[in-house]
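Down below is the structure, laid out as structure tokens.
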Amino acid sequence: AGMEAEAEAAERQAVRAILRAFRTYEAEGQLDVMRWEHNFAKLPPEHKALLGHLEGKYAHVRSLLRQNQTFLNDLVASVGMGEEEGEGVLEEENEGAPSGEND
């Protein structure tokens, strides 16, 4: 029973980490884009001229980040996980299952 409880705790922790990553996906991506823009701004003018197309790509990436975040939000909502980040997930999965069937 102790090993089973440890396994369940580890799985809940993993689910929490996944949900945290899903919730922060867009914000983390935005930080990357901001870093790209900052680095681009430091380039000499002749290099910026060669890479001018990148500025439009930054806006496109932001749009894709938003779309992906919407998908991730919908995904989490569809499996019924909220702020409790996976609490009760294992109990729902194992409800009615004989012991050892979900190992």
Side-chain angles (χ1 to χ4, degrees):
M3 294 285 284
E4 190 174 309
E6 285 180 32
E8 288 178 5
E11 189 168 342
R12 273 194 299 277
Q13 185 176 359
V15 168
R16 285 187 199 111
I18 291 166
L19 292 173
R20 195 173 315 112
F22 282 4
R23 271 200 316 274
T24 61
Y25 172 84
E26 183 179 10
E28 295 293 329
Q30 292 287 359
L31 292 174
D32 287 338
V33 176
M34 288 169 49
R35 189 181 70 247
W36 301 341
E37 290 172 325
H38 175 76
N39 290 335
F40 182 84
K42 295 191 306 186
L43 292 173
E46 59 273 12
H47 292 167
K48 285 181 188 175
L50 293 172
L51 300 170
H53 64 283
L54 290 180
E55 291 179 292
K57 289 189 181 226
Y58 300 151
H60 183 67
V61 168
R62 282 194 165 91
S63 171
L64 295 175
L65 288 168
R66 171 85 312 252
Q67 288 176 33
N68 290 346
Q69 185 66 65
T70 298
F71 169 78
L72 292 171
N73 292 346
D74 291 346
L75 177 67
V76 171
S78 75
V79 294
M81 292 184 183
E83 291 302 311
E84 291 301 310
E85 298 184 326
E87 290 300 324
V89 171
L90 295 174
E91 291 76 14
E92 291 171 16
E93 287 179 353
N94 292 326
E95 212 169 272
S99 181
E101 192 169 296
N102 289 332
D103 290 345

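We count residues from 1, following the sequence as given. Just so you know, these numbers use all the heavy atoms, side chains as well, and skip hydrogens, waters and symmetry mates. All values derive from a computational prediction rather than experimental measurement.
Rounding to the nearest 0.5 Å places CG of Leu54 at 9.0 Å from CG of Leu43. Interatomic distance, Leu75 CG to Thr70 OG1, rounded to the nearest 0.5 Å: 12.5 Å. Between Gln13 atom CD and Ile18 atom CD1 the span is 11.0 Å, to the nearest 0.5 Å. Here the CZ atom belonging to Arg23 is positioned 12.0 Å from the CD atom belonging to Glu28, to the nearest 0.5 angstrom. Atoms CG and CZ, from Asn68 and Phe22 in turn, are 11.0 Å apart once rounded to the nearest 0.5 Å.
Under the 30°/60° scheme for interplanar angles, the aromatic rings of Phe40 and Tyr58 are found to stand perpendicular.
Contact annotation: the side chain of Gln69 approaches that of Arg66 to within less than 4.5 Å [non-hydrogen atoms, C-beta and beyond].
A single hydrophobic cluster is seen to contain both Tyr25 and Phe71, as judged by linkage of ILVMFWY side chains at heavy-atom distances under 4.5 Å, directly or through other members.
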Which pairs would a plain distance check flag for residues 44-51, meaning a side-chain donor or acceptor within less than 3.5 Å of a matching protein atom at least two apart in sequence or in another chain?
unit_1: Lys48; atom_1: NZ; unit_2: Ala41; atom_2: O; d: 3.1

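Note on residues 29-44: pairs passing salt bridge (charged side-chain N to carboxylate O under 4.0 Å, His left out), not counting sequence neighbours, are Asp32-Arg35, Glu37-Arg62.
At most 12 heavy atoms of other shown residues, nucleotides or ligands fall within 6.0 angstrom of atom NE2 in His60.
In terms of heavy-atom proximity, Leu65 sits nearest to Gln30 at CD1-N, 3.7 Å.
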